[in-house]
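Accompanying notes for the structure given below.
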Amino acid sequence: MRLRGIVLVVVGLALASLVVAGASEPRYGGTFRCAIASEPGTLDMQMSTGVNEGTIACNVFQGLFSFDADFAPQPELATGLELDPSGTVATIHIRQGVFFHNGQEMKAEDVVASLTRWGQYGATAKALWSLVTAVNALDEYTVVLTLSQPFGPLTTYLANDVGGPFIYPKALVEAAGNKPLPPASYIGTGPYRFVEWKSGDYILLERYDRFVSLDTPSSGHAGKKAAYFDKLQFFFVPDDNARLVGIQAGTYDYVVDIPNDLLASVQGDKNILPITINHPPIYPIALVNNKQGICTNIGIKQAMLTALDMSDIMLAGYGDPQFWSLNPSYFAPGIRWYTPDEGVGLYNVADPAKARTMAQAAGYKGEPIRIIVAGDMTAQYNQAVVVTSQLVAAGFNVSLQVYDKATFMARRNAKDNPEWELAFSFYSTTPDPSLVLMLSPTYAGWWDSPRIQVLRTEVNQLTDFGARYAKWQEIMDLWYEEIPALKFGDAFQLHLIRSDIGGGYGTSQHVVMIHGYFYNLWED
Amino acid sequence: MGPYLLRRGAGMLVSCVLVITITFLLMELIPGDPAAVLLGPDATPEQVDALRASWGLDRPGIVRYGFYIRNILRGELGRSVFLDQPVLKMIGERAETSLLLGLLSLLVVVGLGVSAGITAALRPRTWTDSALLFVALLGASLPSFWLGLMLMIAFAGRLHWFPSSGFSSIFGAGGLANLRNLVLPALSLGFVNAALVARTSRSSMLDVLQAEYVTTARAKGLAENVVIAKHALRNAAIPILTVVSFTFASLVSGAVVTENVFALPGVGSLIVQSVLKRDYPTIQGVMLAVAIFYVLVNFATDMLYAFLDPRIRYR
Amino acid sequence: MTLLRSMFRRKATTFALVLLILLLLIAAVSPWVVPYPAGALELSHRLLSPRSVHPFGTDHFGRDILSRTLIGSRITFLLGISISLFALFFGVPIGIVSGYYDRVGLVVMRLIDALMAFPAIILALAFMAIFGRPGILNVIIALGLVWTPQMIRVVYSSTLSIREAGYIEAARAIGTGPVQILLHHVAPNLLSPVIVQATFSFALSILGAAALDFLGVGIPPTIPSWGTMMNEGRMYVVRAPWIILFPGIFLALTVLSFNLLGDALRDRLDPRLRRLL
């Protein structure tokens, strides 16, 4: 009897071990090679909002908080944040025993210096920092942030990984000031450290052995971060085909921004898995010049919107319908700020005849509609071509002006005399409505009507999500009354990963976020 | 030889000064805004203004010219606005790629061009001759970037014989095997430029083969390959050398687009990116470096020329 | 041997002329004979492979490639002719004066040498960047400026050798003024090298314009041109190679016909020019 029992157990264990062996176990080693679409400007993420930059920098630097798979802020370098009853004093406790890549321990003074510099020059700091009256180190591991009034999205701002407050060593960040950190100063606390930036070729990161990971389960950018790969190497490959052919040949393990139309080339290739970045999507939007010119006439804007067939526009920009969806609301469904039922009767009407009548009724007399777009932003350029054709069909006099990116930016941002009516661009999902650029009166488009002035301040004064959501709904309703910009839909970019990379990228194990991230992955 | 050397040397220095001035003037007139591109599409205009002011992109022109000359004499070609690295250092990092691409392309040009030309010259009036001439002409008519893309798809994409893009130093990991990355680019660039060399080789060889000393050598009973190698080739070499050095300029030009197609981290792609990003110091530095390099190569070719053909020294 | 040689020449020249006339014809009448307007978007017909309805396939906007290729020939010829005329208009006078007056020649040739030290594409890129706003005129000026030095050089060398000719000395001896000499004696003898150089610079100009379009800094992409088509189709070179294939073939054929023509002209007009060009 006993013998049979023992045999059963042994057989059971043997079978179990076979099953376990089939699943992929993490192992250390190897170099992860990623191809990105352009050479970054700087890896100083406090100053930059670029997605390419974020893909690399998230391995090197950390912030006080970071976003999990639901985009909720979770503690990262901070262990917690307490607000006093008035909601104006935030006490932030920082982790102990965390070391920078130069061997120094991270202390409160580093956090204070980093926050201060970010507050003054950081890309996404303005709304928060205009309310900050003081930031001090209480002791070696505690920082106190004092505000003049409560700020609802405080931890969200601190968790922002694109343009957000990353923590750098005090001496380096103070030396940098308003200039981006130079490569020699890329000292962070993350699982990988910066090794080399070979101009025109690649950026190389190497595992940092003294990295102390959190032990909470990993979710998005939050929780446990294990650096299984010895090195991460990011190559700059501007040509889409070169990236595609590169991953097919095995030169790269991960490539970003493959044109959706090329998915057909890799379907059936067992070595390659497509990763659709739909959580969250990007938003192709044409900014409208609300400051001067004929687009100050709301009737004309409504007429232009009525002429547009959003399906064709999205088809031209992003290819096969599996890569986009129509959505008039700013945020995509699935994001908690999504507002349904927007723009009824205005979005995707596709009626050029009606548009023509509306324009005439609004007093349109053939003034030129100048559309500017950057030729190297392919999806935007394609959309501009289609929009031009649709507006022309509705009787508008359209002038499509294509520029290189630098000139396009200069023209778009020329706040004293912007010589355009529509400027085509795209935007990533921001973690908070207050970060939506179109709300800012100084951002291109210059939406500054009396009603938005009120609403945008109010949305930040509230602290309860329900109340803020209701306020955001009001803003969205106002968007479709005043039409500060034209939103075309939600678009999903396509990345590719080789199937021999373990870690479940693209599954619930390693959820797709705004940009790629490669800790917690290993070579199978 | 002495006076010739001095004259050519002085001329070279004058060219250098002119090149420097032209570079400065050209770049002074470029509009556009590097600060906006650097900070990304979601940046605010205030940040853009702050960055522009702190980089001194708004100081007067004469002051900048003065600084420019002084820096060059010090060996500094400026500092990239974006990467905050010395331009000379960036050129240095990328020089290996461009030089190797240039050399390999030159090998293709000379290899294909000279051998095709001489083969055609040795078989005049035959179908081989006509066919080679036609292929040469066709090659010169193809856009090199189109040929490059076709080659990439065929040999890298379908057959997987060569990598499709990128390049790592031969002094680093991979060693000489990394040269595989340059095969397709060198072929596409070289093939297109080989035509002129082929035709010049052919006509030069033809002229020489009809010369009296060749007929004499043949009459003396020397073996044909001795006639060709010892007498004909050496004299045919000079016009070929002229055309090859002229082709060099075309190669440098064509390399810019080839580097773009194959994502090679060379000097050509550096300048394209810099122009698109309005990185003034880098554009200036690279243009200057490339032009000075060309002036020096020309000077070296002139010296080689004078060495090979003594008659030139007395011109 | 000469007979066989001229036979080849005649075949090649005939081929070139026929091709050229065909292309010119296409450029002239294409807007009226093509099956679809060049800019007709039809998004439900994106990326179709060649078939009876679309013999060259469609692109990512559903536009017919055959129509766009044929219409694209117009801008090619417009640019080629304009750039060559630009180079002629500025290059010939400067070249003549430099060749005739030694001191002018010294200065000008130094300048030309310095300018030619910059690779053509880089110079063109720099000019396009300076001009800022994209446009056909800017491409013409930029590439014209790039190819003018070459023309100046050819005219300069030719003028130098013409100067040595006996009849120039004779004309000077009898007191003919320099303008008369330049116009009546020097200029007519420049015809051969100038025409040949113009033919070659036409070929180089359209390749250069295509390269600029390909890099994204040429004429506005709203105008159908072969270079732009190849740039737009770059992304689809695996999925839809016909977008790049046909404009590339047409560009190669056009350049080929001009190269053949230039060759034939040079050999017929003055074989000695082979050393020069």
Side-chain angles (χ1 to χ4, degrees), chain B residues 11 14-19 21-23 26-32 124-125 129-130 133-134 137-138 140-147 149-150 152-153 157 195 199-200 203 239 249-257 260-261 268 271-272 275-276 278 283 286-287 290-295 298, chain C residues 1 3-5 7-8 11-12 110-111 113-133 203-204 206-208 210-211 214-217 226-227 230-231 233-234 237-238 241 244-245 247-249 251-260 263 271 274-275:
Chain B
V14 172
S15 294
C16 285
V17 171
L18 281 172
V19 159
T21 313
I22 292 176
T23 315
L26 279 178
M27 289 311 111
E28 278 301 297
L29 304 170
I30 295 184
R125 304 161 274 151
D129 185 14
S130 312
L133 273 180
F134 186 76
L137 209 49
L138 185 66
S141 313
L142 293 174
S144 71
F145 51 91
W146 183 80
L147 183 60
L149 282 170
M150 296 292 132
M152 188 201 279
I153 294 313
R199 289 177 326 149
T200 312
S203 45
S250 180
L251 279 179
V252 174
S253 204
V256 171
V257 186
N260 184 283
V261 173
I271 200 167
V272 172
V275 168
L276 289 175
R278 303 279 187 259
I283 299 173
V286 174
M287 277 184 73
V290 173
I292 298 278
F293 181 66
Y294 181 72
V295 168
N298 254 14
Chain C
M1 179 192 115
L3 195 61
L4 274 168
R5 234 169 167 214
M7 251 179 70
F8 171 70
K11 244 201 271 173
R110 276 274 156 259
L111 223 75
D113 280 343
L115 264 176
M116 290 188 74
F118 296 95
I121 284 287
I122 292 184
L123 210 54
L125 281 172
F127 284 130
M128 286 310 291
I130 289 172
F131 300 146
R133 187 182 284 272
L204 289 168
I206 60 179
L207 276 175
F214 184 77
L215 288 174
V217 296
W226 294 334
M230 285 191 273
N231 188 23
R234 217 172 145 166
V237 70
V238 176
I244 290 194
L245 188 69
I249 291 177
L251 180 61
L253 285 175
T254 312
V255 174
L256 179 66
S257 64
F258 272 92
N259 277 340
L260 280 172
D263 264 6
R274 215 178 295 134
R275 238 182 297 125

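Any value given below was found using the heavy atoms of this structure, including those in side chains, with hydrogens, waters and symmetry copies removed.
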(request) Not counting sequence neighbours, which residues clear salt bridge (Lys or Arg N to Asp or Glu O under 4.0 Å) with B:Asp129? List them please. (result) B:Arg202

(message) On a heavy-atom basis, which atom in C:Phe118 and which in B:Ala291 lie closest, and how many Å separate them?
(response) CE2-CB, 3.7 Å

(request) Give, for atom CG of C:Asp113 and atom CG of B:Leu18, the distance between the pair rounded to the nearest 0.5 Å. (result) 9.5 Å

(request) For C:Arg110 and B:Gly11, work out which heavy atoms get closest and say how close. (result) NH2-CA, 3.4 Å

(message) Would you compute the distance between atom CD1 of B:Ile271 and atom CD1 of C:Ile122 and round it to the nearest 0.5 angstrom?
(response) 4.0 Å

(message) Which one wins on heavy-atom pair count under 4.5 Å against chain B: C:Ala252, C:Gly208, C:Ala203?
(response) C:Ala252

(request) Measure the spacing between CG of B:Leu149 and CZ of C:Arg234 and express it to the nearest 0.5 Å. (result) 6.5 Å

(message) For the CG atom of C:Asn231 and the CZ atom of B:Phe145, what is their distance to the nearest 0.5 Å?
(response) 8.5 Å

(request) Under 4.5 Å heavy-atom distance to chain B, tell me which part of C:Leu245 shows up: side chain, backbone, both or neither. (result) both

(message) So for C:Leu253, is it side chain, backbone, both, or neither that comes closer than 4.5 Å to the heavy atoms of chain B?
(response) neither

(message) Let me confirm one number: the CG-CE distance from C:Leu125 to B:Met287, rounded to the nearest 0.5 Å.
(response) 9.5 Å

(message) Please classify the contact of B:Val14 with chain C as side chain, backbone, both or neither, using a heavy-atom distance under 4.5 Å.
(response) side chain

(request) May I ask you to name which of C:Pro119, C:Ala210, C:Ala117 has the most heavy-atom pairs under 4.5 Å with chain B? (result) C:Ala117

(message) Please give me the minimum heavy-atom distance between B:Ser141 and C:Leu207, naming the atom from each residue.
(response) O-CD2, 4.0 Å

(message) Please classify the contact between C:Ala211 and chain B as side chain, backbone, both or neither, with a heavy-atom cut-off of under 4.5 Å.
(response) both

(message) Less than 4.5 Å to any heavy atom of chain B: does that hold for the side chain of C:Leu111, its backbone, both, or neither?
(response) both

(request) Considering non-hydrogen atoms only, spot the tightest contact between C:Gly248 and B:Pro143 and give its length. (result) O-CD, 4.4 Å

(message) If I take atom CG from residue B:Leu137 and atom CG from residue C:Asp263, how far apart are they, to the nearest 0.5 angstrom?
(response) 5.5 Å

(request) With the side chain counted from C-beta on, respond yes when C:Leu256 and B:Phe134 share a heavy-atom pair under 4.5 Å apart, and no when they do not. (result) yes

(request) Answer whether the closest heavy-atom distance between the side chains of B:Trp146 and C:Leu251 falls below 4.5 Å. (result) no

